[in-house]
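All remarks here apply to the structure that follows.
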Amino acid sequence: MRLLFIGDVFGRPGRTIVRRLLPQLKQELQPAVVVANTENATHGTGMTRSAFEELRAAGVDIFTGGNHTLGKPEILELMQEYSQVLCPGNVSPVIRRHGSVIWQTPDGPLAVINAMGQYCMNGVDNPFRYVEEVLHDPQIEAVCARIVDFHAEATAEKAAMLSFLDGRVSAVLGTHTHVPTADARVTALGTAFITDVGMTGVRSSIIGLDPEVVMRRFQTGIMYAPRVAEGDATLMAVVVDIDASTGSSTSIALLQRDR
Ligand SMILES: [Fe+2]
Ligand SMILES: [Fe+2]
């Protein structure tokens, strides 16, 4: 089972490059399933219905979230309508059941679990206990291929999540920092890992935002309204190959494309 996992899609430039490149990437790589973190899909905060429709039409199957997902409350309606729209389940009891999904791919079922780290994040339940609880759900327990989008700030917290889940899930994929890391690997126990997949958005930006506004904020301390950066975008993703019969991953590769 080949998984294409796209890092945080940021604003219109991020959505546009997904729309432009995903069809050809699907032809080329033949993934069984496409997952994208879309916490920043609409103006950098959350995802509206129109952004969801746009990305779904482009070929995204499952939508994971993060600390910005609840920034647009209409996500609650989307999550109720579409089981493939997720939000980290340890953020709030209200959305706990939207933290995971079992998706039927041509190569068998895939369970996707979305959790958020506690470092630098407010009001988040313990992600280790949350993931443990989800893994004991009898339906998820029965699925071999299981991945976790761990949306977290700290590299150590992400590494700890890998240690916690090593050999128990197919992949632990970090999101949120928007900076891809050079540590993609498959452990001896068959879990694919990367600290951060990176961002799908404008590269010459400050993690997706217009540098001018962010610099003004840093220099003056005044919280000017952020603005999505304009310019050429890059799509950042990982390709993970999973043995669907055992749940072990055989490879993970970082992918960056701008054309
Ligand atoms: Fe993000
Ligand atoms: Fe985030």
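Being a predicted model, the structure only gives us computed values, none of them experimental. Each ligand, and each atom within it, is numbered from 1 in the order the structure gives.
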- Item | Test side chain to side chain donor-acceptor pair (under 3.5 Å) applied to H68 - qualifying residues, sequence neighbours left out |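 Per chain and number, H68 pairs via side chain to side chain donor-acceptor pair (under 3.5 Å) with no residue.
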- Could you tell me whether D196 and K158 make a salt bridge, using a distance below 4.0 angstrom between a side-chain N and a carboxylate O? yes
- Hey, are E141 and R168 close enough for a salt bridge, meaning a charged N less than 4.0 Å from a carboxylate O? no
- Verify salt bridge (Lys or Arg N to Asp or Glu O under 4.0 Å) between E212 and R216, making sure each step is shown before the conclusion. CA-CA 6 Å; E212 197 218 305; R216 251 198 292 159; 3.4 Å; yes
- Item | Residue list, salt bridge (Lys or Arg N to Asp or Glu O under 4.0 Å) with R49, at least two apart or on another chain |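 E77, E81.
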- Message: Quick test of your reading: applying ring-ring contact (aromatic ring centres under 6.0 Å, His included), list the pairs with at least one residue in residues 226-259, sequence neighbours left out, ordered by first then second residue.
- Response: none
- List-wise, which protein N, O or S atoms are found short of 2.8 Å from the Fe ion (ligand 1)?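 Under 2.8 Å from the Fe ion (ligand 1) - ignoring waters, which are not counted - the protein N, O or S atoms are D8 OD2, E39 OE2, N40 OD1, H178 NE2.
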